[in-house]
Asks: 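Below is the structure I would like to discuss, written out as structure tokens.
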Amino acid sequence: MSTAPQTARRWAESPVPLDGNVPAGPVADLWDRHKFDMKLVNPSNRRRHHVIVVGSGLAGASAAATLGELGYSVSCFCYQDSPRRAHSIAAQGGINAAKNYRNDGDSVYRLFYDTVKGGDYRSREANVYRLAQESVNIIDQCVAQGVPFAREYGGLLDNRSFGGAQVSRTFYARGQTGQQLLLGAYQALARQIGLGQVKMYPRHEMLDLVLVDGQARGIVTRNLVTGEVKSWAADAVLLCTGGYGNVFYLSTNAKGCNTTAIWRAHRRGALLANPCYTQIHPTCIPVAGDYQSKLTLMSESLRNDGRIWVPTKAGDTRSPSQIPEAERDYYLERKYPSFGNLVPRDIASRNAKEVCDEGRGVGPGGRGVYLDFADSINRLGEDTIRERYGNLFDMYERITGEDPYEVPMRIYPAIHYTMGGLWVDYDLMSNIPGLFVLGEANFSDHGANRLGASALMQGLADGYFVIPYTLANHLASVKPPRVSVEDPAFAAAEAAVAERTRRLLSINGSRTVDEFHREVGLMMWEHCGMARNEAGLEKLLDELPSVREEFWRDVKVAGSGEELNQSLEKAGRVADFMELAELLATDALHRRESCGGHFREESQTPEGEALRDDDHYAYVGAWGWGGDLTSEPVTSGPLPTPVLHKERLEFENVHLSQRSYK
Ligand SMILES: Cc1cc2nc3c(=O)[nH]c(=O)nc-3n(C[C@H](O)[C@H](O)[C@H](O)COP(=O)(O)OP(=O)(O)OC[C@H]3O[C@@H](n4cnc5c(N)ncnc54)[C@H](O)[C@@H]3O)c2cc1C
């Protein structure tokens with residue numbers, strides 16, 4: 001059991017509590033009442049407001065399309081060559097909604113309850129309730145757009161189960177749900193582009209946030225094809241820039257996913273909340289070698305029909321078909337009979353690590369467990385399994401050379417999602433007025449552990465159903481004065497961006513960007529991955545600055561700044577990852593409790609389950625940059641001491657208790 005909080009050595013603490021601006025009242029009425037209380041922008045005034053949306057994944061595309069449809073003048077930026085290539089396209093398993101089509105006991109309240117509990121009581125109740133309410137609208141919206149969700153024989157939309165729930169509420173389009181949802185959102189966005197309401201800027205990377213009189217009033221981008229650095233002014237800026245899981249180098253995220261947009265906003269004063277809450281997904285294809293650069297997810301949906309097991313004896317190297325039933329340990333079914341293979345991700349991941357640490361892991365290096373479909377194939381037939389998961393099975397076979405219809409899959413946990421992100425209030429606005437943050441880029445709804453199929457739900461709730469109201473309220477309340485790119489704040493930010501580019505290109509050292517990224521990622525995985533302890537985190541924090549210093553002394557970035565230069569792009573992103581890594585480790589060090597994806601070895605039950613410390617840590621930890629608010633990189637020495645701001649979490653509906661899935 002953890003004792004009192006440690007003395008703050010590596011961080012300072014703000015005495016002023018942080019306010020999430022949640023309206024007062026019963027949680028079930030909050031959002032409806034708030035929608036009525038918020039101010040509106042008259043339809044004919046909307047076109048006078050220019051709004052910047054950075055990101056065109058599910059959160060960004062849904063927001064840009066909806067705001068365009070409402071009549072705002074929108075500019076949308078992404079670094080890919082097309083909005084359709086946003087990382088959201090990779091989402092496989094499905095999207096939750098409390099439709100209760102199965103009549104199996106689901107409701108808005110149950111989705112709310114499961115999500116607060118699944119997040120290990122570290123999320124804001126009001127946000128989660130709103131998310132559950134809006135979940136039902138998302139499905140209607142997407143069906144209207146033509147998203148081809150799987151259907152049952154009778155025509156109703158089909159559902160499957162995901163971890164942490166005892167009902168079937170996950171809507172899906174085979175193993176390509178993200179792709180289909182993104183195509184739906186993209187079509188809505190393309191319509192607005194065609195109408196001239198949204199201007200789309202692909203291959204533009206946001207490299208700085210511009211504040212004028214303390215408000216977010218624009219961004220600076222670099223054109224990734226020509227190298228042109230340019231300023232854009234607006235009445236509000238929406239960051240929808242995804243998660244930072246690639247700070248660990250190996251992850252299931254697309255290679256391009258990065259932290260730059262939110263990190264540069266943090267450097268300009270935006271608070272970054274709960275960075276240590278990183279999700280480790282239990283069902284990924286195990287690492288195969290030292291030079292691997294990417295990990296592949298096998299969707300959680302597979303746990304509906306696959307059974308997870310390892311041999312009962314350590315060091316058993318027989319092939320799975322030679323291991324009789326009596327010598328197999330279906331450890332999740334044994335330890336958690338109520339939820340079985342569908343326990344939440346944090347629990348499934350930790351248990352996989354535990355059996356592998358005991359020497360019972362399978363495959364090369366013993367870092368794997370079996371996900372076995374033999375029973376389901378016998379019961380349902382191969383055709384049914386093929387219909388449900390065919391593309392995932394094909395992908396597995398292409399990567400491993402093994403046929404999962406014949407032999408069990410081998411899986412192991414990997415970094416997958418980041419619950420942390422920029423701090424936002426109930427209106428999704430950061431502490432910088434006019435800066436809103438949506439989707440995975442914010443910290444908002446998932447607490448310390450996200451339940452499967454709820455990231456897509458959150459991104460689309462934020463973009464389609466929350467931001468249209470809260471942005472209007474902001475614009476109507478603040479009535480932002482006119483600002484143009486002639487304001488000196490833009491020139492200063494442009495100069496800083498140009499100087500950083502020049503500096504990266506001038507080092508001309510001996511090590512590649514990837515080498516540094518891999519080194520930092522391995523250090524993070526080792527000391528801040530599946531399990532963390534004080535000694536390891538202290539060591540990590542002692543060592544990270546010297547890698548950062550070496551990067552700024554010895555990195556080799558080939559090419560020039562006036563052309564497409566992926567080495568330069570990566571260098572900027574890795575430099576930001578290095579700074580973020582230190583904050584992430586500081587957050588992990590300060591939180592001397594286990595909760596969800598953050599497992600502190602000092603804080604566990606006698607059975608090895610995560611043990612929260614609600615007396616000391618029932619708060620959101622939002623970090624402020626400790627130095628001057630410039631975007632200049634820190635090239636030597638430790639980062640300025642970060643400042644911790646605490647938002648107390650109140651649980652008036654789902655009462656704090658030890659999570660149990662037994
Ligand atoms: C393999 C995989 C499978 C998943 N499956 C599921 C699932 O089945 N169900 C579920 O709910 N969740 C799933 N998730 C999680 C989910 O896909 C993501 O959390 C979600 O799609 C994130 O959406 P987003 O719009 O917030 O960000 P993204 O889709 O990552 O989009 C980010 C956008 O921001 C842009 N951008 C970023 N930085 C900049 C910058 N500096 N300048 C300009 N543009 C920038 C990018 O170009 C992109 O357009 C999965 C995740 C992975 C990795």
Side-chain angles (χ1 to χ4, degrees), residues 52-64 76-97 135 138 160 162 170-173 175-182 185-186 189 200-209 219-222 224 238-246 251-265 279 281 283-285 294-301 345 392 395 414-419 421 437-442 446 450-460 462-463 569 572-573 576:
I52 285 176
V53 178
V54 187
S56 61
L58 283 175
S62 59
C76 183
F77 299 82
C78 71
Y79 60 73
Q80 289 94 348
D81 57 351
S82 154
R84 277 173 308 170
R85 286 194 198 272
H87 163 66
S88 291
I89 204 161
Q92 300 172 347
I95 174 167
N96 286 333
S135 70
I138 294 169
R160 55 191 177 197
F162 262 54
T170 304
F171 294 77
Y172 65 100
Q176 308 164 346
T177 316
Q179 180 177 7
Q180 298 306 328
L181 291 173
L182 190 60
Y186 171 72
L189 176 64
M200 186 72 222
Y201 297 94
R203 287 249 184 252
H204 279 66
E205 181 163 31
M206 171 199 156
L207 294 180
D208 214 343
L209 175 74
I219 60 171
V220 173
T221 59
R222 181 172 172 273
L224 299 179
L238 276 51
L239 296 188
C240 314
T241 49
Y244 53 82
N246 280 347
S251 92
T252 62
N253 288 191
K255 284 294 285 178
C257 291
N258 67 84
T259 189
T260 288
I262 66 165
W263 188 254
R264 306 275 170 102
Q279 177 157 84
H281 197 298
T283 55
C284 304
I285 300 182
K294 173 85 186 71
L295 290 174
T296 306
L297 177 75
M298 287 288 104
S299 165
E300 175 163 329
S301 59
R345 292 175 175 176
L392 300 173
M395 192 156 67
I415 294 287
H416 177 66
Y417 180 87
T418 45
M419 280 77 68
V437 193
L438 284 65
E440 193 173 340
N442 73 27
H446 308 292
R450 175 175 71 81
L451 291 184
S454 51
L456 304 182
M457 170 173 74
Q458 182 223 330
L460 291 179
D462 289 358
E569 290 170 29
R573 294 169 192 166
D576 291 330

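First listed ligand is number 1; within each ligand, the first listed atom is number 1. What's counted below: heavy atoms across the whole structure, side chains too, no hydrogens, waters or symmetry copies.
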Asks: Is the Lys NZ or Arg CZ of R345 less than 6.0 Å from the centre of Y417's six-membered ring, within 45° of the axis?
Replies: no
Asks: May I ask whether G178 has any heavy atom positioned less than 4.0 angstrom from an atom of ligand 1?
Replies: no
Asks: Is it the case that over 12 heavy atoms from other parts of the model lie below 6.0 angstrom from the CZ atom of R203?
Replies: yes
Asks: Could you see which bit of H204 sits under 4.0 Å from ligand 1, with heavy atoms only: side chain, backbone, both or neither?
Replies: backbone
Asks: Test your reading of the structure: does M457 have an N or O sitting under 3.5 Å from an N or O of ligand 1?
Replies: no
Asks: Taking both backbone and side-chain atoms of T252, is any N or O found less than 3.5 Å from an N or O belonging to ligand 1?
Replies: no
Asks: Decide whether an N or O pair under 3.5 Å exists between G94 and ligand 1.
Replies: yes
Asks: Does ligand 1 come near enough to A455 that some N or O of the ligand is less than 3.5 Å from an N or O of the residue?
Replies: yes
Asks: Report the part of S454 in contact with ligand 1, treating N, CA, C, O as backbone and CB onward as side chain, heavy atoms under 4.0 Å; options are side chain, backbone, both, neither.
Replies: backbone
Asks: Are any of the heavy atoms in G459 under 4.0 Å away from ligand 1?
Replies: no
Asks: Any N/O of A59 closer than 3.5 Å to an N/O of ligand 1?
Replies: yes
Asks: Once you round to the nearest 0.5 Å, how far does OH of Y244 lie from OG of S251?
Replies: 12.5 Å
Asks: Ligand 1 and Y417, any nitrogen or oxygen pair closer than 3.5 angstrom?
Replies: no
Asks: Any idea which protein heavy atom is nearest atom 23 (O) of ligand 1, and the distance to it?
Replies: S88 OG, 3.0 Å
Asks: Contact between ligand 1 and N253 is defined here as a heavy atom of the residue under 4.0 Å from a ligand atom; is it met?
Replies: yes
Asks: Would you say A91 has any N or O atom under 3.5 Å from an N or O of ligand 1, going by distance alone?
Replies: no
Asks: Does T241 approach ligand 1 within less than 4.0 angstrom via side chain, backbone, both or neither, non-hydrogen atoms only?
Replies: both
Asks: Has ligand 1 got any nitrogen or oxygen that is less than 3.5 angstrom from a nitrogen or oxygen of L456?
Replies: yes
Asks: Heavy-atom distances under 4.0 Å are what count here, so tell me which part of R450 touches ligand 1: side chain, backbone, both or neither.
Replies: side chain
Asks: Using distance alone, determine whether Q80 and ligand 1 share an N or O pair under 3.5 Å.
Replies: yes
Asks: What part of V54, side chain from CB on, backbone N/CA/C/O, both or neither, has a heavy atom under 4.0 Å from ligand 1?
Replies: side chain
Asks: Just heavy atoms, cut-off under 4.0 Å: does C240 contact ligand 1 by side chain, backbone, both, or neither?
Replies: backbone
Asks: Excluding sequence neighbours, so at least two apart, what forms side-chain contact (heavy atoms from CB on, under 4.5 Å) with T296?
Replies: I285, M298, M395, I399
Asks: Might you point out which heavy atoms bring D576 and W263 nearest each other, and give the distance in Å?
Replies: OD1-CD1, 3.7 Å
Asks: Identify, with sequence neighbours excluded, every residue that meets ring pair (Phe, Tyr, Trp, His ring centres under 6.0 Å) alongside H416.
Replies: H281
Asks: Side chain or backbone, does N258 bring an N or O within less than 3.5 Å of an N or O on ligand 1?
Replies: no
